[in-house]
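Only one structure is covered here, and it is reproduced in the block below.
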Amino acid sequence: MTEGTTSAEGADTLTRLEQEGDIAADYLEGLLDIADLDGDIDMDVEADRASVSIISDTGSRDLQKLVGPDGEVLEALQELTRLAVHRETGDRSRLMLDIAGYRAKKRAELSELGAKAAAEVKSSGESVKLEPMTPFERKVVHDAIKAAGLRSESEGEEPQRFVVVLPA
């Protein structure tokens, strides 16, 4: 819990995030039924946001349709799921959706990219501009750069917004 929050406020936040996860799970179960896809839904609360994952025991080949090229379909489904939560609760949702482990794999790749960019900046002393990324991707890279002891900024306009790694 952050400084200044009581245990009751923390419990209220956890309850609210669990409710978001339940609403999202119901929405996504309906979507899977309509699309005639098999998948299990896993809910959690991570870093003050609801996290919902769709996984499959039989391999994720069918679920890849819900990820799409470069995660584009996944991003759209996440926004639709957030809207479904907003419709039910009246509150803006920061829910994170993962399908077939795509985001988890992407997070590992981006953390490595951020660490390599930080190492390059440390050795050269020059700023490094990375390729344009989605907000999720930029957040993961920013976190990796911060963990490496450097700072970074996002520049540009969506969808061409990118991360710049700055020397210390």
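Sequence positions, counted from 1, serve as the residue numbers for this chain. Worth saying up front: this structure is predicted, and the values here are computed from it rather than measured.
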request  = State which residue, out of E75, E72, R161, fulfils the side-chain contact (heavy atoms from CB on, under 4.5 Å) condition with T134.
outcome  = E75

task = For residues 27-40, pull every pair meeting side chain to side chain donor-acceptor pair (under 3.5 Å), keeping only residues two or more places apart or in separate chains.
result = none

query = When rounded to the nearest 0.5 angstrom, what is the spacing between CD1 in I23 and CD in Q19?
reply = 4.5 Å

message = Are there over 12 heavy-atom neighbours, none belonging to K146, within less than 6.0 Å of that residue's NZ?
response = no

inquiry  = Using a 3.5 Å distance criterion without hydrogens, assess whether the side chain of K122 forms a donor-acceptor pair with backbone atoms of A148.
reply    = yes

ask   = K106 versus F136: any side-chain heavy-atom pair under 4.5 Å?
value = yes

key: Distance in Å, E137 CD paired with D70 CG, rounded so as to fall on 0.5 Å steps   = 8.0 Å

task = Calculate, to the nearest 0.5 Å, the distance between atoms CG and CG belonging to L31 and L80 respectively.
result = 8.5 Å

Residue pair P132 / P159, side-chain heavy-atom distance below 4.5 Å = no

ask   = Are T81 and V52 close enough, and set up right, to give a side chain to side chain contact (heavy atoms under 4.5 Å, CB included), and what steps lead you there?
value = CA-CA 10 Å; T81 305; V52 178; over 6 Å; no

Pairwise side-chain contact, L130 with V164, heavy-atom cut-off 4.5 Å (strictly under) = no

query = Can you check whether L74 reaches L66 side chain to side chain, under 4.5 Å on heavy atoms?
reply = no

ask   = How about L166 and V121: do any of their side-chain heavy atoms sit closer than 4.5 Å?
value = no

request  = Evaluate the side-chain proximity of E109 to V140: yes if any heavy-atom separation is below 4.5 Å, no if none is.
outcome  = no

task = With the side chain counted from C-beta on, respond yes when V141 and M133 share a heavy-atom pair under 4.5 Å apart, and no when they do not.
result = yes

ask   = With E46, which residues qualify under side-chain contact (heavy atoms from CB on, under 4.5 Å), at least two apart?
value = D44, S51

query = Should L32 and V67 be regarded as members of a common hydrophobic cluster, given that ILVMFWY residues are connected when their side-chain heavy atoms come within less than 4.5 Å of each other, either directly or indirectly?
reply = yes

Option passing salt bridge (Lys or Arg N to Asp or Glu O under 4.0 Å) with R138 (candidates E131, E158, E155) = E158

Counting only pairs under 3.5 Å, give me each side-chain donor-acceptor contact of residues 92-100, with atom names and distances, residues two or more places apart or in other chains.
| unit_1 | atom_1 | unit_2 | atom_2 | d |
| --- | --- | --- | --- | --- |
| S93 | OG | E20 | OE1 | 2.9 |
| S93 | OG | L95 | N | 3.0 |
| R94 | NH1 | D48 | O | 3.3 |
| D98 | OD1 | Y102 | N | 3.1 |
| D98 | OD1 | R103 | N | 2.7 |
| D98 | OD2 | A104 | N | 3.4 |

inquiry  = To the nearest 0.5 Å, what is the distance between CZ on R107 and NZ on K139?
reply    = 9.0 Å

ask   = Any salt bridge between K116 and E112, counting N to O under 4.0 Å?
value = yes

request  = Locate the shortest heavy-atom distance separating G114 from A144; write the atom from each residue and the value.
outcome  = CA-CB, 4.1 Å

task = Taking the side chain as every heavy atom from C-beta outward, state whether V163 and L110 have any pair of such atoms under 4.5 Å apart.
result = no

request  = Spell out, as yes or no, whether a donor-acceptor pair under 3.5 Å connects the side chain of S53 to the backbone of I55.
outcome  = no

ask   = Is there a path of hydrophobic side-chain contacts, each under 4.5 Å between heavy atoms of I, L, V, M, F, W or Y residues, that connects L83 with L17?
value = no

ask   = Do V128 and F162 sit in the same hydrophobic cluster, where Ile, Leu, Val, Met, Phe, Trp and Tyr count as joined when their side-chain heavy atoms come under 4.5 Å apart?
value = no

ask   = Do you know which two heavy atoms are closest between A118 and L150, and how far apart they sit?
value = O-CD1, 3.5 Å

ask   = When hydrophobic residues are tied together by side-chain contacts of less than 4.5 Å, even through go-betweens, does M43 share a cluster with I54?
value = yes

query = Between G68 and V73, what is the shortest heavy-atom contact and its length?
reply = CA-CG2, 3.7 Å

request  = Heavy atoms only: give me the nearest I41-A25 pair and the separation to one decimal.
outcome  = CD1-O, 3.5 Å

ask   = With a 4.0 Å cut-off, would you call R16 and D12 a salt bridge?
value = no

